[in-house]
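Below is one structure; the comments refer to it alone.
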Amino acid sequence: WGLSLPSAGVGMQLSLKSSSTKLACHMTNWAQYRPGTGKFTPDNIDPFLCTHVIYALATINSFNQISPIEWNDEQLYGSLNSLKNVNPALKTLLSVGGTVNGVSPFIAMVAKPESRAAFINHAISFLHTHKFDGLNLDWEYPGHNGSPQEDKQKFTLLVTELIKAFEDDANDNRRTKLLLSANVAGIRQTIDRAYEVNNIAPHFDFINIMTYDFHGHWEAVTGHNSPLYGSSVDPVSQIHNNINSSVSYWVSLGAPSEKLLVGFPTYGRTYRLSTGATGLGAPANGPADAGPYTRTAGFWAYYEICDFINTATLGWISEQEVPYATYGSAWLGYDDQRSYSSKVQWLTANNLGGAHVWTMDMDDFSGSFCSAGAYPLINHLRMSLGFTPKPTTTPRPTTTRNPSTDFCRGRPDGLYENPADKTTFFQCFQGNTYLHHCQPGLIYWDSCKCCNWP
Ligand SMILES: *[C@@H]1O[C@H](CO)[C@@H](O)[C@H](O)[C@H]1NC(C)=O
């Protein structure tokens with residue numbers, strides 16, 4: 001799956017404006033529970049990779065206060081925010097949202113002025129206490145899922161009151177203003193029901209449009225998770241389920257284009273084919289099997305995808321500028337370096353604010369699956385957006401060049417077992433040998449090209 005797009009040329013053009021371009025990367029506090037090499041904590045974050053890291057997810061308790069979800073969240077907040085000792089330019093935000101018993105905790109909080117005020121006051125002190133630079137609102141969605149229609153107006157009130165309080169906090173206490181961002185819907189019907197776009201958009205530092213989950217196994221035919229454009233097989237009700245339509249809609253409703261970040265998924269969505277057809281729009285009846293690390297049927301992390309595409313038949317949906325892959329009855333619509341390049345060219349041509357990534361923990365963050373180094377997708381995105389190269393001192397704790405061995409001389413690129421020590425393995429890249437260590441307790445298995453339990 002070689003790359004052919006002229007991303008270097010695009011990168012050079014863009015480097016002039018890269019100081020305002022954002023690359024916001026989400027991490028999730030549930031990725032710590034994935035097995036073996038899939039386990040992800042803030043210690044796995046390259047501090048120079050993204051301009052902003054957004055920690056998902058915290059909730060809102062019955063006192064209208066931000067409340068951690070995992071037992072060790074506060075410790076993980078500490079590890080994340082200590083990365084700023086390594087890269088002082090890095091900004092971090094805490095994302096608040098999710099559901100409690102299936103209901104968004106925002107609904108009760110926005111209902112009354114005094115509960116909004118309680119939330120805002122507590123949020124400011126909580127963010128400063130844990131050394132976050134800002135707050136990310138992840139309400140999916142005002143006016144939806146049991147949320148009353150007027151929550152659209154209440155969301156506007158929340159946003160305007162928040163930004164006023166952040167400004168007052170900065171002025172009164174002489175500190176840097178907290179950042180405010182939001183994850184917002186990409187599907188038009190949801191946008192119409194959830195947001196007063198021209199009233200809220202100017203207040204955000206940036207807006208993460210969730211330009212993914214446009215299609216998935218809940219539909220009866222195959223469709224791509226995150227297509228750049230529509231396709232000729234789109235049913236009429238879905239002609240706007242693509243990045244180009246979604247983002248232009250936000251702009252047409254009055255959102256400043258330089259605040260909009262296009263969502264780049266590091267995962268693909270799967271289907272189980274139900275006939276011999278294997279293309280876009282082929283009949284399907286549910287998801288393919290769950291991946292061994294993400295363990296949820298319907299999507300695979302990019303590092304799981306790397307294993308799949310080694311043996312699968314690969315295709316390119318040229319109308320939508322995204323790849324797909326099939327093997328047996330499994331169908332996968334995913335993203336790779338080539339589709340990332342197309343999307344970056346598109347967002348640059350449309351003067352958008354940059355990209356956000358869902359998520360860091362689903363890229364090949366350790367570099368042990370895809371034979372393309374750590375964070376192959378996000379590093380490619382960073383380069384395509386025209387950011388300057390990272391400092392060469394970027395720590396790569398799991399990867400050390402091992403010049404004492406000629407193991408890889410004459411061998412194809414890829415991963416190999418180290419017969420002398422099963423807790424390590426070799427990666428061959430362009431004839432050079434790299435020795436990787438599995439995480440403690442794990443050994444390397446050539447059958448999956450991964451570290452797993454003995
Ligand atoms: C992209 O969106 C714009 C605005 O909605 C539309 O005019 C244009 O035809 C779209 N491009 C493609 C290739 O679909």
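First listed ligand is number 1; within each ligand, the first listed atom is number 1.
- Closest approach of Val86 and Phe48 over heavy atoms only: O-CZ, 3.6 Å.
- Ring planes of His130 and Phe126: tilted class, angle from 30 to 60°.
- Taking CG from Asp335 and OG from Ser226, the interatomic distance works out to 5.0 Å, rounded to the nearest 0.5 Å.
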Name each N or O atom in ligand 1 that is under 3.5 Å from a protein N or O, and give the partner atom and the distance.
from	atom 1	to	atom 2	distance (Å)
ligand 1	2 (O)	Asn244	OD1	3.2
ligand 1	2 (O)	Asn244	ND2	2.3
ligand 1	11 (N)	Asn244	ND2	3.0

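- Side chains of His380 and Ser341: a donor-acceptor N/O pair is present below 3.5 angstrom, by distance only.
- Using a 4.0 Å cut-off between charged nitrogen and carboxylate oxygen, Asp192 and Arg188 do not count as a salt-bridge pair.
- When all heavy atoms of Trp218 and Asp213 are compared, the closest pair comes out as CZ2-O, 3.7 Å.
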